[in-house]
Amino acid sequence: MSESSPEVKMNKSYTILISLIVALGGFLLGFDSAVISGAVKGITVYFEMTEWMLGFSVGCVVFGAMAGNLLAGPMSDKFGRKRILIIVAALFTISATWSALATGYTEFIIARIIGGIGIGGAILIAPIYIAEIAPPKLRGSLVSFNQLNIVIGISVAYFSNYFLVDIEGESWRWMLGVEAIPAAIYFLALFTVPRSPRWLISKLNEVKLARKILAKIGGEEYAEVTIAEIQRGISAKEEKGTLADLFKNRNRTIMIIAIGIAFFQQITGINAVFYYAPTIFEQAGGSTDSSFLQAIVVGLTNLVFTLVAIWLIDKLGRKPLLLIGTTFMTIALMMAAFAFNNATYDFNEKTLAKISNHEIRTALSDFSGRSYESQTALFEAVEPEMNQDLFLMFKRNEITNFIQINATLVLIAILLYVASFAISLGPVMWTLISEIFPSKIKGIAISAVGFFNSLVSFSVTQVFPWELSNLGPTVTFALYALLSFCAIFFVYKFVIETKGRTLEEVQEILIRK
């Protein structure tokens, strides 16, 4: 129903409960994505990883998510949203347990990819389900529950890592394995939610069962009006959508919005920040303990501003939030680049004494009194003094001993960036994606866009360790700032406002355009 429709009495508590249960998939997604940040050092040593092996071990979750993206949409169209979410919960449970027990690199990667398949399913199907069951006036907020749970999962992962990091032995196993507990809870809780009314009507023509579910959400009048709108916009006899349908002229505007917003959500570097938060803060000269604490602050900032987005998304609208968020993301990334650009690298008796590796300390013994204005100049001076393995170890573990930087400015920049993302591209992208596609192509379209989103995310996380080591943090953050600046113009030119409109109204507007 649109905003002009008659008011009906909503059973908000029931609808919110369903949405919260389904959105627990977002919690697991967030936890799974962020928990690896605390395990990076442990798995690097245990599995004897190179930079590219580390990048793949972190990014392979996204690689698995691509497979989940491709499978989830069509399978949810065929078997129903609820059944696919139950499978997703099982995959999370298997992945958490197996990755914690892995003894070989290949085995570890397979376990992580299984979790990635779960992520690919959860990130697509949970918003679709909630959008299909939620009344128009609550839809933005309820769909954003999924993003809220993602950021809660990220925050809990950072807290969990902080408390588990000092466990004797292989603490990374505990960090990864604890996820199995909420995954099992999610699996059991999903059996209590109903199937999607829109899916029941469009795929099974189960109008009677759909009416019963809708009546429980908003009463008999709401059920009748909603069923009429569903039947108007979704024909049970309509041919199944194909990949070719996505590229038809009538869907051009929809695909431009979907592909563009999916691209900018990831290319601006958010997962690199979440996956490598402690690493970034160590690059800014922090200790291991302080970097884990700062990562917790990042998670809490993400959580607080996601709550702000949920409060504003159905009041202020989708497009204004995107414009505000991408503008401040650009500012924040420029601040981070500025801070690292003004850093210096100083060698003296105190900083040289911090080097843990004896061979590196010996190779750099003559560097006392030297200072370098950039990371590039530092690397050019240090590389000839040691072999390739020692130089790699220096870049990974020792460089933070010498950096002199405004660490407070780095922290403020990262927090502003995360807060800006949390009110904009984070929750709004998935709300828009769940709203704009016609039912005929929704499953395959969501899968295609989700696959593309995951592909961009995988590329960013795979390359990020190499960027930090070879381009340096200044250039890395400057590139993200430029891409975020481009996102502002994309949102202004292409994104439409969907606030307060039914799914059918949104689709009619976009197809007319």
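The first residue of the sequence shown is numbered 1, and numbering continues consecutively from there. Model, not experiment: these values are computed from the prediction.
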Would you say that Phe347 contacts Leu364 through its side chain, given a criterion of any heavy-atom pair below 4.5 Å between the two side chains? yes
For Phe485, is the CZ atom crowded, meaning more than 12 foreign heavy atoms sit under 6.0 Å from it? no
Give the minimum heavy-atom separation between Leu323 and Thr326, together with the two atoms involved. O-OG1, 3.4 Å
Taking atom types as modelled, find out whether Ser371 and Asp346 have a side-chain donor-acceptor pair closer than 3.5 angstrom. yes
Go through the steps to decide whether Arg112 and Ser99 satisfy the test side chain to side chain donor-acceptor pair (under 3.5 Å), and finish with yes or no. CA-CA 6 Å; Arg112 295 273 294 157; Ser99 60; over 6 Å; no
is_close_aromatic(Trp172, Phe47), centroid dist under 6.0 Å: yes
So, Phe187 versus Phe92, ring centres under 6.0 angstrom or not? no
Can you name the nearest heavy-atom pair linking Phe421 to Gln265, along with the distance? CE1-O, 3.5 Å
How about Glu107: does its CD atom have over 12 heavy atoms from other parts shown lying under 6.0 Å from it? yes
Considering all heavy atoms of both residues, which atom of Thr330 and which atom of Ser484 are nearest to each other, and what is their separation? OG1-OG, 3.1 Å
When the ring planes of Phe477 and Tyr480 are compared, do they come out parallel, tilted or perpendicular, using 30° and 60° as the limits? perpendicular
If you count every heavy atom of other residues, nucleotides or ligands that lies below 6.0 Å from Met334 atom CE, does the total exceed 12? no
